[in-house]
Amino acid sequence: MSGIRVVVIERELDIVTARQAGRELAAENGFSPTDQTLIATAISEVARNIVVYAQQGEIVVSRVDERGRIGIQVIARDRGPGIENLELALRDGYSTKQSLGLGLPGARRLMDDFGIESELGHGTVVTMKKWVR
Amino acid sequence: MSGIRVVVIERELDIVTARQAGRELAAENGFSPTDQTLIATAISEVARNIVVYAQQGEIVVSRVDERGRIGIQVIARDRGPGIENLELALRDGYSTKQSLGLGLPGARRLMDDFGIESELGHGTVVTMKKWVR
Amino acid sequence: MPVPILKQGDTLIATIVAALTDRELVEFRDQLAERIGAVRARGVVIDVTALDVLDSFATRTLRTIAQIAKLRGASAVIVGIQPTIALAMVQLGLTLDDVHTALDLETGLELLRRPR
Amino acid sequence: MPVPILKQGDTLIATIVAALTDRELVEFRDQLAERIGAVRARGVVIDVTALDVLDSFATRTLRTIAQIAKLRGASAVIVGIQPTIALAMVQLGLTLDDVHTALDLETGLELLRRPR
Ligand SMILES: Nc1ncnc2c1ncn2[C@@H]1O[C@H](COP(=O)(O)OP(=O)(O)O)[C@@H](O)[C@H]1O
Ligand SMILES: Nc1ncnc2c1ncn2[C@@H]1O[C@H](COP(=O)(O)OP(=O)(O)O)[C@@H](O)[C@H]1O
């Protein structure tokens with residue numbers, strides 16, 4: 001029951017690896033099958049964004065324990081181009097690649113906590129958590 | 001026909017208790033079944049906000065008599081994180097949890113009077129009234 | 001209180017018998033998604049006649065249930081929204097535009113029997 | 001891993017047997033479009049039972065496949081979306097409104113046999 005997994009993201013296959021790592025850690029920490037799928041789906045979205053927009057980066061999934069509350073934390077981190085307008089990027093349907101634009105706002109809905117930091121030219125960090133119910 | 005009820009809000013079940021207390025008081029004070037439902041729905045929204053955003057707080061429903069006008073007053077009070085931008089929070093569709101964002105603006109439409117005070121780090125108080133027709 | 005889900009032919013009938021907490025509603029959502037598969041249901045009727053309030057959370061969950069049913073190959077119909085509750089929903093700003101609705105169980109079942 | 005596409009009468013049955021990368025999904029899309037012509041298919045069933053996740057990219061690709069099939073004269077049905085995956089899709093904001101869905105292979109084939 002190790003508490004942390006790091007998946008380097010640089011190819012499409014790594015998206016699958018990352019979401020499977022997240023699902024396994026969630027299963028080990030008592031998340032329901034439903035929540036395992038929600039977490040895996042959120043990871044898939046942010047991992048794909050790394051491949052598409054930043055080419056490479058990493059996903060770190062870890063167990064968290066905040067004042068007795070058990071959960072899982074997902075950090076998606078890259079040194080890509082960054083996001084110019086975070087408010088826009090979090091809006092349903094907004095996409096600079098004419099894709100669905102549901103990745104970031106959707107991941108936010110799938111998880112309990114969601115935060116994003118980005119600096120143009122320096123990269124993006126998405127931090128998400130979900131708590132065991 | 002007591003004129004005041006206090007419901008402590010700290011679990012989801014308390015949302016149901018609070019809206020039922022509001023409905024009963026409204027019924028006792030001559031509100032139509034339609035208005036009873038509108039009041040109960042508004043209470044449900046502000047009570048859920050306490051559970052979701054502040055974890056705990058209370059709902060106070062009371063009979064009011066302002067210069068012969070009979071009504072019901074609902075106060076929803078918590079010591080949660082407060083609301084940063086009240087104007088935004090009252091806008092249809094605005095939500096920091098990616099939910100529908102209709103709770104506050106909807107409750108305002110359901111009631112006759114609606115006021116909200118909030119201080120960051122200190123909590124939120126919503127005060128609403130509806131008059132017997 | 002769990003929501004009873006009955007099977008009638010290839011249709012599931014779920015009758016919400018009392019005010020539900022958010023958690024109970026979410027559990028009902030997940031059970032229904034499972035049951036559709038277990039009984040190979042082609043239609044689902046959700047009777048909300050007994051609900052005291054349909055607030056934004058409940059309405060969103062009902063819409064989610066209808067969308068999940070569709071992805072599982074079943075049509076969902078919400079029946080029994082009472083007049084005062086319908087008014088409250090409209091004033092809140094909730095419309096269920098994309099969800100099938102019918103007056104009551106009978107008309108809901110009729111709606112499902114039509115060729116889809 | 002390529003997606004096997006079988007022919008049964010005038011119907012193609014494609015079974016996704018494991019999590020697919022984006023590229024594999026796109027290759028599957030293009031192969032299916034070809035095969036519809038090669039076997040003169042009137043219907044296509046895509047079985048996604050084994051998929052671990054249906055995220056926004058996969059859902060968009062499935063919708064594209066259904067639309068391509070339509071333009072090539074074949075009806076497409078997506079079958080086997082599991083309950084937890086259906087929930088994740090709805091929460092993401094994905095609904096497949098315009099695409100036929102059925103519980104499993106059997107009901108999917110049934111759906112295609114009905115007069116179109
Ligand atoms: N890691 C990232 N690096 C740079 N830009 C990003 C990243 N993730 C998201 N974005 C930007 O935010 C927009 C919205 O992202 P998202 O909601 O996932 O939708 P989509 O990927 O379908 O466009 C993207 O179109 C892109 O411009
Ligand atoms: N009691 C509260 N304490 C802190 N923030 C609140 C409270 N009530 C509402 N809010 C904030 O106001 C926003 C809008 O609330 P609301 O209109 O009820 O929509 P929703 O709850 O669907 O987000 C919420 O997303 C939240 O950020």
Side-chain angles (χ1 to χ4, degrees), chain C residues 2-3 5 7 9-12 14 22-46 56-78 94-101 112-116, chain D residues 11 13-16 43-63 65-66 75-116:
Chain C
V3 177
I5 305 176
K7 180 178 182 297
D10 63 357
T11 301
L12 289 177
D22 297 0
R23 188 175 313 260
E24 287 167 337
L25 201 54
V26 163
E27 277 165 11
F28 166 55
R29 176 195 75 196
D30 295 343
Q31 268 155 27
L32 195 63
E34 291 290 344
R35 279 297 291 284
I36 288 171
V39 310
R40 311 176 69 79
R42 295 297 314 279
V44 177
V45 180
I46 300 165
S56 61
F57 180 83
T59 304
R60 186 164 66 124
T61 308
L62 287 178
R63 180 183 291 140
T64 300
I65 290 172
Q67 289 168 338
I68 290 175
K70 198 268 162 184
L71 291 172
R72 304 271 291 145
S75 304
V77 186
I78 314 283
L94 302 164
T95 49
L96 286 179
D97 278 333
D98 39 358
V99 177
H100 296 290
T101 46
L112 287 177
R113 272 195 297 270
R114 285 198 217 145
R116 276 163 266 169
Chain D
T11 301
I13 301 173
T15 308
I16 299 180
V44 177
V45 179
I46 301 164
D47 188 346
V48 299
T49 306
L51 271 187
D52 64 327
V53 154
L54 264 164
D55 60 11
S56 62
F57 180 83
T59 304
R60 186 165 65 125
T61 309
L62 287 178
R63 180 184 290 141
I65 290 172
S75 303
V77 186
I78 314 284
V79 307
I81 299 177
Q82 298 305 300
T84 66
I85 293 187
L87 174 65
M89 290 172 68
V90 173
Q91 294 202 350
L92 265 177
L94 303 164
T95 48
L96 287 178
D97 277 333
D98 40 358
V99 176
H100 296 290
T101 45
L103 184 69
D104 53 20
L105 189 56
E106 196 185 322
T107 46
L109 288 169
E110 216 171 85
L111 199 75
L112 286 176
R113 272 196 298 272
R114 287 204 213 140
R116 274 162 266 170

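Note that these values count all heavy atoms, side chains included, but never hydrogens, waters or copies made by symmetry. All chains are named by letter (A, B, ...) in the order of the sequence lines, taking the proteins before the strands, and each is independently numbered beginning at 1. Not measured: the values here are computed from a predicted model.
Heavy atoms of C:D98 lying under 4.5 Å from chain D are absent altogether. Heavy atoms of C:R60 lying under 4.5 Å from chain D are absent altogether. Of the two parts of D:D104, only the side chain, counted from C-beta on, holds a non-hydrogen atom closer than 4.5 Å to a non-hydrogen atom of chain C. Of the atoms belonging to C:L32, not a single heavy atom falls under 4.5 Å from chain D.
The main-chain N or O of D:D47 is never found under 3.5 Å from a side-chain atom of D:T15 such that the two would form a donor-acceptor pair. Judged purely by atom type and a 3.5 angstrom limit, C:R29 has no side-chain atom pairing as donor or acceptor with the backbone of C:T61.
Here the closest non-hydrogen pair linking D:M89 and D:I81 is SD-CG2, 4.0 Å.
With rounding to the nearest 0.5 angstrom, the CG atom of C:L62 is 7.5 Å from the CZ atom of C:F28.
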